[in-house]
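This report refers to the structure that appears directly beneath it.
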Amino acid sequence: MTDALHAEWTKLRTVASSAWVLLALAALTMAAGGLAADVVKCPASCSVDPTKISLTGIILGQAAAAGLAVMVMAGEYSTGLVRTTLTAMPRRGVVLSAKAAVLSACIGAAGLAGVLGSVLAGRLLLPGNGYTAVHGFAAVSLLHGPTLRAAAGSVLYLILIGLLTLGLGAALRSTTATAAAVLGLLYVLTFLGDIGLNGTWQRRIERWTPMDAGLAVQATTHLARQAITPWPGLGVCALWAAAALGGGWLVLRLRDA
Amino acid sequence: VTTTLTPRPPAGPATRNGFWQLLRSEWTKFRTVRGWAITLAAVTALTALLPIWLASTATSNDPEICTARGCQVEGRYFFIGPSGTAVTDSFTFVHQPVGVDGSITVRVDGLHGTGRATAPLGFRQPPGTQPWAKAGLMIKASTRPGSPYAAVLLTGSHGIRMQDDFGHDQAGPPAAASQARWLRLTRAGDAITGWESATGAAWTRVGTVRVAGLPATAQAGIFVTSPDFSEGVGSGDNMYTTRTQAAAAFTGLRLTGGTAGRSWTGGLVGSETLVPPAGLSSAGRAGPGRTGKCGPYCHQFQPAPGISRRAGTYTLTGTGDIAPFTPIVDPMHIAFLATLFGLIAVIGLGAAFITAEYRRSLIRTTLAATPRRGRVLLAKGIVVGGATFAAALIGTAVAFPVAGRELARNGWKLPVWTDYALTSGTGLQVVLGTAATAAAVAVLALAAGTVFRRGAGAVTAVIGLVVMPLVLAIVLPLTLATWLLRLTPAAAFSLQSTVPHYSQVSSVCSPYHGCFPLAPWYGYAVLCAWAVAALAGAIYVMRRRDV
């Protein structure tokens with residue numbers, strides 16, 4: 001297993017684009033979060049959750065997390081490297097676990113940087129936009145339990161999206177198809193849930209799709225109004241990731257490379 | 001330093017090297033990959049089925065509610081206009097009968113707002129006088145709301161206008177609302193001419209309109225009204241509406257061609273007593289909207305329209321509007337946004353059409369056979385664009401009429417919404433427009449695939465450009481969202497709009513409810529500009545580098 005981890009880490013480390021994608025993950029998360037924190041003004045929308053606004057960037061950052069996962073698994077199929085990998089390490093489960101571990105560590109590190117930057121941006125920008133004690137807001141701080149949950153949960157969410165994509169990549173074996181499927185699942189489904197014309201279905205989408213349910217972990221206020229509470233929401237997202245990994249593992253086992 | 005030269009192939013017969021030959025070879029490549037044929041079939045199926053499903057479950061967002069007093073949509077009453085569509089028709093009216101030939105003249109001594117609610121914190125305060133507040137002369141078939149009419153009027157900030165039968169509006173000379181202005185309407189049969197004058201001596205014609213269905217004895221008189229003010233800020237459905245009120249003084253009211261022995265009578269036309277829609281507080285004034293914020297139905301201001309007369313001067317206070325009824329929610333647009341799933345498949349297809357060649361090194365064979373790279377990409381663009389257009393068109397042509405029937409079954413029907421006929425202008429716009437959007441997006445994906453040479457990168461970039469703005473638009477504040485939907489390829493989704501917007505009716509355009517800032521085909525032009533620029537960039541990049 002150690003060798004497998006070492007091999008996967010070497011493969012990831014020695015491709016220039018991995019570093020760029022991880023940098024993009026952190027930068028997109030921070031930039032979009034900072035922008036959102038900068039444009040939202042309190043007297044107009046005091047009902048927003050300041051922590052959630054600061055962490056808006058995860059919506060963009062997750063695309064980079066998915067991108068890295070596409071490169072790690074589906075990318076091997078497009079270059080044919082997967083044959084070498086499986087010749088060297090014939091046990092499919094070990095390969096998939098090693099990839100999952102290395103991917104999680106990388107996304108976790110970049111995600112942590114992005115999330116910390118976003119929280120800092122929220123802490124610095126939001127008070128200037130009216131989110132002050134006068135309107136009943138404390139500065140965004142990681143010492144505050146729910147905010148810590150939101151921050152840690154966001155990093156975990158990014159990792160789960162990475163694992164979901166990893167599993168899908170193993171099942172679909174095409175970078176194009178995997179990227180299209182993941183982005184469709186994340187963005188289009190959520191978008192339709194937001195604007196849809198039926199309350200029951202909107203609530204179902206909010207509860208059971210990976211992005212809506214997973215990002216419920218970012219909520220720190222009005223928890224009763226959420227379609228799903230923070231940790232169970234992240235749990236739904238984890239179920240999606242587990243199902244995708246399971247499916248990927250099955251395909252990897254049953255099909256020839 | 002080595003220079004790579006691609007030798008030109010010897011000139012063969014024109015038929016072998018022609019563009020047609022190239023098109024045929026690209027088409028052969030396209031149709032013989034089984035995965036792509038399946039994807040194309042999936043595009044058709046997704047495009048057809050998802051909007052139908054969304055429409056068949058569309059039961060929220062306040063479709064028509066009818067009570068004994070009349071029907072209302074989104075908390076506003078509507079009446080049936082001369083052409084059978086829904087109209088708003090409420091104003092304060094002082095009138096008397098007029099025959100087939102007659103004229104009415106008056107001096108409007110300025111128009112000013114006399115009441116509105118104070119906007120909630122963070123919202124822009126409504127202007128004192130609404131831009132489309134109206135005061136002037138009207139000849140109307142009867143005092144029944146929705147009956148045919150023609151009017152010449154002074155507005156809050158759009159000068160003098162001639163309007164008739166709710167949809168029609170002609171601009172007259174500019175005039176400040178505070179100025180005194182003479183107005184005149186003359187009737188000759190069903191032709192009505194509006195005049196205006198600064199002094200009451202020299203008259204300028206504003207316009208002549210034919211009003212069908214005007215009886216021999218119609219009602220002529222003076223009127224005042226002031227429309228609702230709506231404003232959206234923040235994201236989603238964070239908007240508020242207030243009723244407003246305006247007043248104007250009229251002197252020198254004179255009628256010729258009237259009925260002997262009749263005098264001026266006054267009253268309110270289409271005066272509505274608001275019945276709050278289900279789910280709102282019974283006061284119907286400050287009920288919470290869907291998000292619990294001050295929603296679309298906040299009427300914190302209760303107007304008190306009235307008429308007073310002193311020494312030959314009438315002062316009318318009015319509230320409401322005389323205009324087409326425009327609903328906020330566009331259900332067909334929302335249902336058709338489900339075609340985004342098909343579009344994701346189109347993006348994958350467009351990108352794969354070129355990245356697969358790079359992956360399998362087929363591109364070397366392709367470029368050896370046709371060294372002119374621009375032509376290769378052009379042929380690929382035509383093939384993939386044409387194929388996706390056809391696949392999407394079958395889907396949309398099935399989806400539109402069936403989804404329309406489902407929407408009508410769920411209460412989204414005439415007279416407020418359209419009848420969703422496939423052959424109507426709106427139907428063709430949505431059906432052809434959605435298919436044309438798929439084609440342009442496929443070309444955009446092809447260009448991105450050429451530049452990136454990798455499927456995942458190209459797909460991510462194109463989804464980021466086309467789909468992401470839609471997602472962000474409902475999260476971001478309205479001003480930022482509006483700019484995103486003007487400048488990015490997502491502007492093309494305005495082609496799916498089915499609710500008309502009139503320049504003489506102020507309304508809030510919120511992406512959350514399916515409204516886009518650009519007019520339909522302008523939005524499509526933005527997408528095409530992106531696609532053409534991307535293809536040009538791809539040709540440039542491809543020429544510069546070796547395969």
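Quick note: numbers below take in every heavy atom, side chains included, and nothing from hydrogens, waters or symmetry partners.
- Contact of B:Val471 with chain A is made through backbone and side chain together, with heavy-atom distances under 4.5 Å.
- For an aromatic pair to be called close, the ring centres must be under 6.0 Å apart, and B:Phe493 with B:His333 fails this.
- The candidate with the highest count of non-hydrogen atom pairs below 4.5 Å against chain B, out of A:Ala32, A:Ala180, A:Ala181, is A:Ala180.
- The candidate from B:Leu343, B:Leu337, B:Val467 with the greatest count of non-hydrogen atom pairs under 4.5 Å with chain A is B:Leu337.
- With no hydrogens or angles considered, no side-chain donor-acceptor pair links B:Asn410 and B:Thr59 at under 3.5 Å.
- Contact annotation: the side chain of A:Met73 approaches that of A:Leu96 to within less than 4.5 Å [non-hydrogen atoms, C-beta and beyond].
- Only the side chain of B:Ile463 comes within contact range of chain A, with at least one heavy atom under 4.5 Å from a heavy atom of that chain.
- With chain B as partner, the option from A:Leu189, A:Leu35, A:Val21 having the largest number of non-hydrogen pairs under 4.5 angstrom is A:Leu189.
- Geometrically, A:Arg204 does not engage A:Trp208 in a cation-pi contact, judged by NZ or CZ lying under 6.0 Å from the ring centre and within 45° of the ring axis.
- In this structure, no portion of A:Ile53 lies under 4.5 Å from any heavy atom of chain B.
- Contact record, B:Phe452 with B:Ala461: CE1-CB, 3.8 Å, taken as the closest heavy-atom pair.
- A salt bridge does not link A:Arg173 with A:Glu76: none of the charged nitrogens is closer than 4.0 Å to a carboxylate oxygen.
- At a 4.5 Å heavy-atom cutoff, A:Thr200 makes no contact with chain B through either its backbone or its side chain.
- With hydrogens and angles left out, the side-chain atoms of A:Thr85 and A:Lys11 include a donor and acceptor closer than 3.5 Å.
- Looking at B:Thr460, the atoms closer than 4.5 Å to chain A (heavy atoms on both sides) sit in the backbone and in the side chain alike.
- Only the side chain of B:Arg454 comes within contact range of chain A, with heavy atoms under 4.5 Å apart.
- Within the 4.5 angstrom heavy-atom criterion, atoms from both the backbone and the side chain of A:Val188 approach chain B.
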